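The model shown is predicted, which means the values in this text are computed figures rather than measured ones.
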Amino acid sequence: MDGPTLVELFRSNTFNRLLVLTSGAVSCVSYAPFGLWPLALVCIVALFHSVFSANTSPEKLLRGFLFGVGKFSVGSHWILDSLISHADANIYVSVVLFSLLVFLLSLLFCFVCTAALKLQSKLVSCALFGAAVCLYEILMSFPIAFSFPLLHTGYAFVSSPLAAYAPIGGVWLVGYSAIFSSVALYFAFRKSFLPGAIAIAIWIIGVPLSSVSWTERSGEVSVALVQANLKSDPVAGLAEQTGHWRIYERLTRQVRWADLVFWPESALPANWHSVQPQLSELADKLRASLILGTFEHRSIGLRRETFNVAMVAGDASKIYRKQQLVPFGEYTPDWWLVSTLISQVDFPIAHMSAGSRSDALLKAGGLNLKVAICYEVAYPHLVGRNSESSDLIVSLNADAWFGETIGPWQQLQVARMRAQESGRSLLRVSNVGPTAIISSDGSILRSLPAHEEGVLDDRVDVLTGSTPFVRYGLLPIGLLLLVSFATPLLGLVLASRSPQ
């Protein structure tokens with residue numbers, strides 16, 4: 001008996017399931033630190049082909065789920081490494097929690113794939129699938145109990161012509177454009193060329209659009225970013241606190257000129273009240289404003305709270321408390337399954353408190369600083385809030401938890417997108433790197449090598465005004481999604497009412 005032909009093999013469920021699983025895993029190479037963004041287009045084509053050719057809805061869901069498993073397990077493996085190697089968490093519980101995260105993300109993503117429909121209009125098919133993935137990524141970007149604002153499609157294209165759309169519709173419009181282009185490429189191979197022509201126009205328009213200045217330069221400021229290559233612990237002992245202080249003080253005294261000096265997140269693992277006198281004295285000697293990350297411990301009745309804060313040395317009124325905490329790293333979610341699981345084993349329980357949403361800008365050196373502490377920079381809404389009134393965006397980070405993994409490089413890529421969306425210079429200060437100065441177009445002007453001591457000083461542009469994304473938020477991309485979803489629904493309604 002003859003075996004299956006090559007065509008039959010390509011159409012088989014087994015081949016297509018392996019195809020989407022592999023494509024999801026390979027798509028991670030398009031993100032930092034590799035940055036091979038053309039590969040993302042190929043992987044999306046493979047995903048759409050596999051789901052589009054599925055004969056049943058359950059098969060569509062399964063193939064979408066497998067793509068998600070490949071993408072999220074490989075692209076976010078640094079989370080598992082952080083839990084095991086740097087948080088000293090139980091290895092078995094860490095694997096279960098990470099597997100649960102991948103399962104939930106993939107389960108939600110698989111419903112997106114039901115939008116890969118065989119519609120009469122191939123142009124509408126491109127728009128519908130792009131809108132479905134885009135809506136999923138928007139929902140994953142809201143700062144709610146369960147969210148995962150990383151690995152969005154648009155981040156892979158931060159260095160491509162499509163990045164020019166970030167100031168208009170954020171990372172989501174960039175991702176929508178990339179997915180639309182990928183599906184259009186798929187249909188071009190099937191001799192449907194109208195979507196491809198529109199996709200080419202989108203890419204061509206991105207080139208001159210990238211030179212548009214949405215914000216205006218109002219001056220410049222000299223800055224110094226201190227990277228001490230240290231790991232911080234909010235419960236560090238006095239000896240460790242003293243050791244951190246001496247290293248940061250030594251590096252900071254190397255600064256010869258600067259209006260603003262920045263230390264990273266949790267640079268001093270101590271209550272800010274206890275280190276305020278030394279900080280004020282150092283800032284006076286520098287004749288500069290010193291902005292740093294540390295902790296705040298306070299008691300309210302019998303309850304003791306700990307906040308992850310950014311503050312201006314010498315001014316107790318200038319303090320920002322981190323609002324979006326890292327699950328399991330800074331707080332333990334009170335979810336039934338999770339609580340039951342970790343209560344049975346030796347898993348480190350985190351008890352940080354979130355700051356008030358009313359916290360706005362830090363004022364230092366006569367400038368308004370929009371501060372995002374580590375994980376917060378991944379939330380477009382959070383960074384966009386009040387950024388219209390800011391002069392600079394500052395991201396304070398503690399990346400030692402990620403070790404030698406790709407995690408910090410993904411965070412740097414995310415920070416580049418935030419700079420593009422807001423039209424602001426962005427300073428990324430990390431305890432172990434990469435520390436970088438990012439221009440308003442998302443390019444890295446200067447940076448320090450990771451896992452080395454150093455001070456990065458330079459002059460950066462101060463910009464005013466706002467981009468459409470900052471001014472209107474979700475409105476531009478929301479209107480595009482509305483049209484993308486409404487058009488096929490309208491077509492179905494008209495088709496159902498037409499005479500047979």
Side-chain angles (χ1 to χ4, degrees), residues 7 10-11 13 15-16 19-20 23-24 27 30 37-64 67-68 109-138 153-154 156-157 160-162 165 169 172-206 476-498 500:
V7 173
F10 285 164
R11 291 179 177 176
N13 286 338
F15 173 81
N16 278 278
L19 175 65
V20 290
S23 297
S27 69
S30 62
W37 58 261
L39 195 58
L41 299 173
V42 177
C43 292
I44 295 170
V45 169
L47 168 65
F48 186 81
H49 162 73
S50 181
V51 178
F52 186 76
S53 60
N55 294 321
T56 64
S57 294
E59 186 63 26
K60 284 181 183 287
L61 292 171
L62 177 59
R63 294 180 186 182
F67 182 89
F109 182 80
C110 77
F111 290 103
V112 167
C113 295
T114 58
L117 301 174
K118 292 181 172 66
L119 301 176
Q120 184 174 2
S121 171
K122 301 300 184 289
L123 179 61
V124 174
S125 294
C126 295
L128 180 62
F129 193 70
V133 178
C134 185
L135 179 61
Y136 165 83
E137 293 180 345
I138 289 175
T153 306
F157 296 87
S160 76
L162 294 184
Y165 295 99
W172 306 305
L173 182 56
V174 177
Y176 178 98
S177 302
I179 295 163
F180 182 98
S181 301
S182 299
V183 180
L185 178 63
Y186 170 78
F187 284 126
F189 283 110
R190 299 167 70 96
K191 299 183 178 180
S192 180
F193 301 111
L194 177 59
I198 295 176
I200 291 173
I202 291 173
W203 283 79
I204 291 176
I205 292 171
I477 187 65
L479 291 175
L480 182 59
L481 296 188
L482 181 62
V483 173
S484 300
F485 284 122
T487 301
L489 291 176
L490 180 60
L492 291 174
V493 171
L494 293 177
S496 66
R497 292 183 178 180
S498 62
Q500 300 298 319

**Report entry** Shortest non-hydrogen contact from Leu41 toward Ser182
**Finding:** CD2-OG, 3.2 Å
Query raised in the report: What's the shortest heavy-atom distance between Ala156 and Ala40, and which atoms?
Result: CB-CB, 4.4 Å
Query raised in the report: Mind checking whether Ile138 and Cys134 have side chains closer than 4.5 Å, heavy atoms only?
Result: yes
Query raised in the report: How would you list all residue pairs meeting salt bridge (Lys or Arg N to Asp or Glu O under 4.0 Å) that involve residues 179-204, not counting sequence neighbours?
Result: none
Requested in this report: Report yes if the side chains of Leu47 and Ser23 come closer than 4.5 Å at any heavy-atom pair, otherwise no.
Outcome: no
Query raised in the report: Can you check whether Ile202 reaches Tyr165 side chain to side chain, under 4.5 Å on heavy atoms?
Result: yes
Report task. Can you sort out the partners of Thr56 under side chain to side chain contact (heavy atoms under 4.5 Å, CB included), two or more places apart, ordered by chain and number? Result -> Pro58, Glu59
Report summary line: Closest non-hydrogen atoms of Ser27 and Phe67, given as atom of the first, atom of the second and distance, are OG-CZ, 4.3 Å
**Report entry** Heavy-atom side-chain contact between Leu117 and Phe129 under 4.5 Å
**Finding:** no
**Report entry** Shortest non-hydrogen separation from Val174 to Gly154 and the atoms involved
**Finding:** CG1-O, 3.6 Å
Query raised in the report: With a 4.5 Å limit on heavy-atom distance, are the side chains of Leu61 and Cys113 in contact?
Result: no
Requested in this report: Report the residues that fulfil side-chain hydrogen bond (donor to acceptor under 3.5 Å, both in side chains) with Ser181, sequence neighbours left out, ordered by chain and then residue number.
Outcome: Trp203
Report summary line: With sequence neighbours left out, the residues meeting side chain to side chain contact (heavy atoms under 4.5 Å, CB included) with Ala127 are Tyr176, Phe180, Ser484
Query - Backbone N/O of His49 and side chain of Ser53: donor-acceptor pair under 3.5 Å - result: yes
Requested in this report: For residues 116-127, pull every pair meeting side chain to side chain donor-acceptor pair (under 3.5 Å), keeping only residues two or more places apart or in separate chains.
Outcome: none
Report summary line: Residues passing the ring-ring contact (aromatic ring centres under 6.0 Å, His included) test with Phe187, sequence neighbours excluded, are Phe48, Phe52
Query raised in the report: Where is the tightest heavy-atom contact between Phe109 and Gly64, given as atom of each residue plus distance?
Result: CD2-O, 3.4 Å
Report task. Could you list the residues that satisfy side chain to side chain contact (heavy atoms under 4.5 Å, CB included) with Ser50, not counting sequence neighbours? Result -> Asn16, Leu19, Val20, Arg63
Requested in this report: Apply side chain to side chain contact (heavy atoms under 4.5 Å, CB included) to Thr153 and list each qualifying residue two or more places apart in sequence or on a separate chain.
Outcome: Ile44, Lys71, Val133, Glu137, Phe157, Ala178, Ile179
Report summary line: d(Ile477 CD1, Ser177 OG) to nearest 0.5 Å is 7.5 Å
